[in-house]
Amino acid sequence: MNDNFYDKVIEIVCKIPPGKVTTYGDIAEYLGSRKSARMVGWVLNKQKGNPKIPAHRVVNRKGLLTGKIHFEGINLMQELLENEGIEIKNDQIVHLDKVLWKPKENL
DNA sequence: GGAGTGACACGGA
DNA sequence: GTCCGTGCCACTC
């Protein structure tokens, strides 16, 4: 169902501009507590089958593509990010600070 | 109805 | 500097 938390995470992820990424902690922090970062991943896990959710733009605090393991193709997530101009090295975002996008800055 | 799980993050040893 | 344990909230079995 479209609960607040559920819908909130999806809305934020959908608003991530191309060439930018965000972290679970930032989304969780925007929702209330960054401790709820796990909930963010959980929501995406439920919506991972939804192509409208650019989950590949969501990474952990280290910029590591942790979510890629849930993608169909292990390289899919990296390719999508590289396609947007984000440089990935060893499954990790190189210039994370330059591509980092925070919901608070846009919302 | 109770217990376990999960795409994380932080503090302390 | 690295490793371990804890907290968080909602869902599923």
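Proteins come first, then strands; the chains are lettered A, B, ... in the order of their sequence lines, and each starts at number 1. Here the structure is a predicted model, which is why all the values come from computation and not from measurement.
Atom name C1', nucleotides C:dC3 and B:dA7: the rounded distance is 22 Å, in whole Å.
Residue contacts shown for A:Ala55 include a base, since a base heavy atom lies under 4.0 Å away. Contacts of A:Lys68 with the nucleic acid, taken as non-hydrogen atoms under 4.0 Å apart, are absent. Base contact: A:Asn45 has a heavy atom under 4.0 Å from a base atom.
One hydrophobic cluster holds both A:Phe5 and A:Tyr30 under the rule that ILVMFWY side chains link at heavy-atom gaps under 4.5 Å.
Put simply, CZ on A:Arg61 is 19 Å from P on B:dA7, counting in whole angstrom units. Atom C1' of nucleotide B:dA9 and atom CG of A:Leu31 are separated by 15 Å, given to the nearest angstrom. One can place CG of A:Asn60 at 10 Å from P of B:dC10, the figure rounded to the nearest angstrom. Taking atom CG of A:Leu76 as the reference point, atom P of B:dA7 lies 17 Å away to the nearest angstrom. Per the geometry, CH2 belonging to A:Trp42 stands 18 Å off P belonging to B:dT5, to the nearest Å. In this entry the distance linking CD1 of A:Ile16 with C1' of B:dA7 reads 13 Å, nearest Å. In this structure, A:Leu44 places its CG atom 14 Å from P of C:dC11, rounding to the nearest Å. For the pair A:Gln47 CD and C:dC11 P, the computed distance is 12 Å after rounding to whole Å.
Side-chain N or O atoms of A:Asn90 include none that pairs as donor or acceptor with a backbone N or O of A:Gln92 at under 3.5 Å. Proximity of a side-chain donor or acceptor of A:Thr23 to a complementary backbone N or O of A:Asp26 within less than 3.5 Å is detected.
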Show the distances under 3.5 angstrom between N or O atoms of the protein and N or O atoms of nucleotides 7-9 of chain C.
residue, atom, partner, partner atom, Å
C:dG7, O6, A:Arg38, NH1, 3.0
C:dC8, O2, A:Lys35, O, 3.3
C:dC8, N3, A:Arg38, NH1, 3.4

Steps toward side chain to side chain contact (heavy atoms under 4.5 Å, CB included) verdict (A:Val13, A:Val43): CA-CA 11 Å; A:Val13 176; A:Val43 172; over 6 Å; no
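The nearest pair of heavy atoms linking A:Phe71 to A:His56 is CZ-N, 3.7 Å. When all heavy atoms of A:Lys20 and A:Ile16 are compared, the pair lying nearest together is O-CG2, 3.4 Å.
Among A:Thr22, A:Leu107, A:Ile10, the single residue meeting the side-chain contact (heavy atoms from CB on, under 4.5 Å) criterion with A:Lys15 is A:Leu107.
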